[in-house]
Amino acid sequence: QVHLEESGGGLVQAGGSLNLSCAASGRTFSNYRMNWFRRAPGKERELVASVSFNGGSSYYTASVKGRFTISRDNAKKTVSLQMNNLKTEDTAVYYCAAGVGDTSEYWGQGTLVTVSS
């Protein structure tokens with residue numbers, strides 16, 4: 001019902017910034033909580049940030065809090081992750097996902113973020 005496509009990844013030096021965008025197609029985008037996950041080399045997937053269906057509440061994992069900002073525009077059917085002061089530890093493939101409650105039903109293909117020192 002929802003197709004997600006990420007963009008905005010790339011190579012950036014530590015301390016730099018990137019903005020990831022996830023474009024959704026489908027008619028029920030506003031029903032879903034939107035999440036950004038990442039999977040770093042050799043590590044398990046982790047939830048980076050999440051925003052409620054109406055944008056009223058957000059969650060950030062401790063390691064990115066204060067540096068990353070998640071936002072959504074239900075009219076445009078997009079969700080963004082603004083990443084500032086990037087660290088080498090942020091290197092990962094980033095995925096956006098849509099779900100209800102604690103589940104993620106729809107997933108994007110991922111976009112690679114590489115932070116160099």
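Sequential numbering from 1 along the given sequence is applied to the chain's residues. What you see is a predicted model, and the numbers here were worked out from it, not measured in a lab.
- In terms of the side chain to side chain contact (heavy atoms under 4.5 Å, CB included) criterion, residue partners of Val93 (sequence neighbours excluded) are, by chain and number, Tyr95, Leu112.
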**Asked** Does the side chain to side chain contact (heavy atoms under 4.5 Å, CB included) test come out yes or no for Asn35 and Leu47, once each step is laid out?
**Response** CA-CA 7 Å; Asn35 311 291; Leu47 178 64; 3.7 Å; yes

Could you pull out all donor-acceptor pairs under 3.5 Å where a side-chain atom in residues 58-66 meets a protein atom, sequence neighbours excluded?
unit_1	atom_1	unit_2	atom_2	d
Tyr60	OH	Ile70	N	2.8
Ser63	OG	Arg38	NH2	3.3

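- In this structure, the side chain to side chain contact (heavy atoms under 4.5 Å, CB included) partners of Asn84, at least two apart in sequence or on a different chain, are Ser17, Gln82.
- Within a 6.0 Å sphere centred on CD of Gln13, other residues, nucleotides and ligands contribute 12 heavy atoms or fewer.
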**Message:** Assess the residue pair Phe29 and Met34 against the criterion (side chain to side chain contact (heavy atoms under 4.5 Å, CB included)); give the C-alpha distance rounded to whole Å, side-chain angles, the decisive distance to 0.1 Å, and a yes or no.
**Reply:** CA-CA 9 Å; Phe29 175 79; Met34 296 300 301; 3.5 Å; yes

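- Cluster partners of Leu11, using a side-chain heavy-atom cutoff of under 4.5 Å among ILVMFWY residues and allowing indirect links: none.
- With values rounded to the nearest 0.5 angstrom, Met83 atom CE is found 8.0 Å from Trp36 atom CH2.
- Sorted by first then second residue, the disulfide bond (SG atoms under 2.5 Å apart) pairs that include residues 9-101, not counting sequence neighbours, are Cys22-Cys96.
- Residues satisfying the side-chain hydrogen bond (donor to acceptor under 3.5 Å, both in side chains) criterion with Asp73, sequence neighbours excluded, are absent altogether.
- Taking the side chain to side chain contact (heavy atoms under 4.5 Å, CB included) definition, one finds that Thr111 meets it with Glu6, Leu20, Tyr94, sequence neighbours left out.
- Listed by chain and number, the residues in a salt bridge (charged side-chain N to carboxylate O under 4.0 Å, His left out) with Arg67 are Asp90 (sequence neighbours excluded).
- Under the rule for a ring-ring contact (aromatic ring centres under 6.0 Å, His included), the partners of Tyr32 that lie at least two apart in sequence or sit in another chain are Tyr106.
- Partners of Ser52 by side chain to side chain contact (heavy atoms under 4.5 Å, CB included), not counting sequence neighbours, listed by chain and number: Arg33, Asn54, Ser57.
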